[in-house]
Amino acid sequence: MSTRRAQLLHLLTSYSPADPDEQRYRVEMLDLAAVAHDPFDRHEYTPGHFTASAFVIHPKGDRVLMIHHGKIGIWVQPGGHVDPDDAGLLAAAAREVTEETGVTDLTPIGNGLVDVDIHVFPEGSGQPRHLHFDLRFGFVAGSGGLAATPEVRDCRWVTPDELVALGVDRSVLRPVGRLLGGL
């Protein structure tokens, strides 16, 4: 068994879902993690593949980092595919934060895993519609400086109250509510 698959199975089996949606997602993720192919292969579209994203808390503890996704045009947390050269799943999430927002000084919250989610990634950019089995890690940023990159349309620190105005769905509100409260 690969080190990455072993790490994935350990994260999922030790994670305690907080609501029925997450409980269902965790079971489906464990099923995908057990298949013969590489569950991180970004070219595996049936049903999909694992991704790593990050809920990054501002150093003051009152806001979360959000990006306006370049391909799908909605506000979400930073994240993306796990690359073969990533040191691990937590490292993949941290790399995505840096690539999309310029934030480099990140401290993991606990073991890092704060939520799991399965969502549809729409057809486009040569990819068919497929599922992202998203491992969501929590971090606290060392500074509030941001630098949006070409991968995203915009990035900003957002209060819980501002999330609804940005049109984020329950899958984003759920972990932010746990991390910042008030949702």
Side-chain angles (χ1 to χ4, degrees), residues 1-15 25-26 28-57 64-72 74 76-143 145-155 171-172 175 179:
M1 178 184 305
S2 74
T3 303
R4 185 165 290 151
R5 190 185 306 259
Q7 181 187 21
L8 172 63
L9 289 169
H10 175 74
L11 275 172
L12 289 172
T13 56
S14 61
Y15 182 68
Y25 297 150
R26 182 176 165 271
E28 291 179 34
M29 288 176 154
L30 283 165
D31 288 346
L32 182 63
V35 298
H37 76 277
D38 178 0
F40 299 100
D41 181 355
R42 69 176 63 206
H43 302 293
E44 183 62 50
Y45 302 119
T46 307
H49 47 262
F50 280 92
T51 55
S53 67
F55 286 92
V56 181
I57 307 303
V64 65
L65 181 57
M66 299 296 292
I67 63 162
H68 195 239
H69 196 283
K71 290 182 181 173
I72 57 177
I74 61 173
V76 293
Q77 72 280 5
H81 294 106
V82 178
D83 289 344
D85 58 344
D86 286 325
L89 303 175
L90 184 71
R95 175 187 48 75
E96 287 288 341
V97 171
T98 301
E99 287 178 0
E100 295 175 345
T101 69
V103 176
T104 59
D105 186 10
L106 298 167
T107 302
I109 297 171
N111 75 352
L113 193 62
V114 297
D115 191 80
V116 295
D117 187 72
I118 300 173
H119 53 268
V120 173
F121 195 84
E123 181 178 358
S125 300
Q127 299 178 7
R129 181 178 189 266
H130 61 281
L131 297 177
H132 277 179
F133 293 74
D134 198 26
L135 303 165
R136 294 155 150 211
F137 295 92
F139 297 93
V140 176
S143 75
L146 298 175
T149 67
E151 288 195 28
V152 301
R153 294 179 185 172
D154 192 9
C155 62
S171 72
V172 172
L179 293 168

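Here the structure is a predicted model, which means the values were calculated and not measured.
Residues E96 and V82 have side chains not in contact (no heavy-atom distance under 4.5 Å, counting atoms from C-beta outward).
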Please tabulate, for side-chain N and O atoms in residues 99-110, each donor-acceptor pair with protein atoms closer than 3.5 Å (sequence neighbours left out).
{"unit_1": "E99", "atom_1": "OE1", "unit_2": "R95", "atom_2": "NH1", "d": "3.2"}
{"unit_1": "E99", "atom_1": "OE2", "unit_2": "R95", "atom_2": "NH1", "d": "3.1"}
{"unit_1": "E100", "atom_1": "OE1", "unit_2": "G79", "atom_2": "N", "d": "3.1"}
{"unit_1": "T101", "atom_1": "OG1", "unit_2": "V97", "atom_2": "O", "d": "2.7"}
{"unit_1": "T101", "atom_1": "OG1", "unit_2": "V103", "atom_2": "N", "d": "3.3"}

Can I get a per-line list of side-chain donor-acceptor pairs under 3.5 Å for residues 127-141, giving both atom names and the distance, sequence neighbours left out?
{"unit_1": "H130", "atom_1": "ND1", "unit_2": "P128", "atom_2": "O", "d": "2.7"}
{"unit_1": "H130", "atom_1": "NE2", "unit_2": "H132", "atom_2": "NE2", "d": "3.2"}
{"unit_1": "H132", "atom_1": "NE2", "unit_2": "H49", "atom_2": "NE2", "d": "3.4"}
{"unit_1": "D134", "atom_1": "OD1", "unit_2": "T51", "atom_2": "OG1", "d": "2.9"}
{"unit_1": "D134", "atom_1": "OD1", "unit_2": "S53", "atom_2": "N", "d": "3.4"}
{"unit_1": "D134", "atom_1": "OD1", "unit_2": "S53", "atom_2": "OG", "d": "3.3"}
{"unit_1": "D134", "atom_1": "OD2", "unit_2": "S53", "atom_2": "OG", "d": "2.7"}
{"unit_1": "D134", "atom_1": "OD2", "unit_2": "Q77", "atom_2": "NE2", "d": "3.3"}
{"unit_1": "D134", "atom_1": "OD2", "unit_2": "R136", "atom_2": "NE", "d": "3.1"}
{"unit_1": "R136", "atom_1": "NH1", "unit_2": "D115", "atom_2": "OD2", "d": "3.0"}
{"unit_1": "R136", "atom_1": "NH1", "unit_2": "S171", "atom_2": "O", "d": "2.5"}

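When every heavy atom of R26 is checked against every heavy atom of L12, the shortest pair comes out as NE-O, 2.6 Å. Nearest heavy atoms, D117 versus Y25: OD1-CE1, 3.3 Å. Closest of all the heavy-atom pairs between V172 and M66 is CG1-CE, 3.8 Å.
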- Message: Run the side-chain contact (heavy atoms from CB on, under 4.5 Å) test on L146 and L65 for me, step by step, so that the C-alpha distance in whole Å, both residues' side-chain angles and the decisive distance to 0.1 Å come before the verdict.
- Response: CA-CA 9 Å; L146 298 175; L65 181 57; 3.5 Å; yes
- side-chain contact (heavy atoms from CB on, under 4.5 Å) assessment of F40 paired with L8: CA-CA 10 Å; F40 299 100; L8 172 63; 3.8 Å; yes
- May I have the step-by-step check of side-chain contact (heavy atoms from CB on, under 4.5 Å) for D41 and H81, ending in yes or no? CA-CA 9 Å; D41 181 355; H81 294 106; over 6 Å; no
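Put simply, the side chain of R5 gets close to the backbone of A33: a donor and an acceptor are under 3.5 Å apart.
With a 6.0 Å radius and a threshold of 12 heavy atoms from other residues, nucleotides or ligands, H119 has its NE2 atom above the threshold.
The line from CG of L9 to CD of Q7 is 10.5 Å long, rounded to the nearest 0.5 Å.
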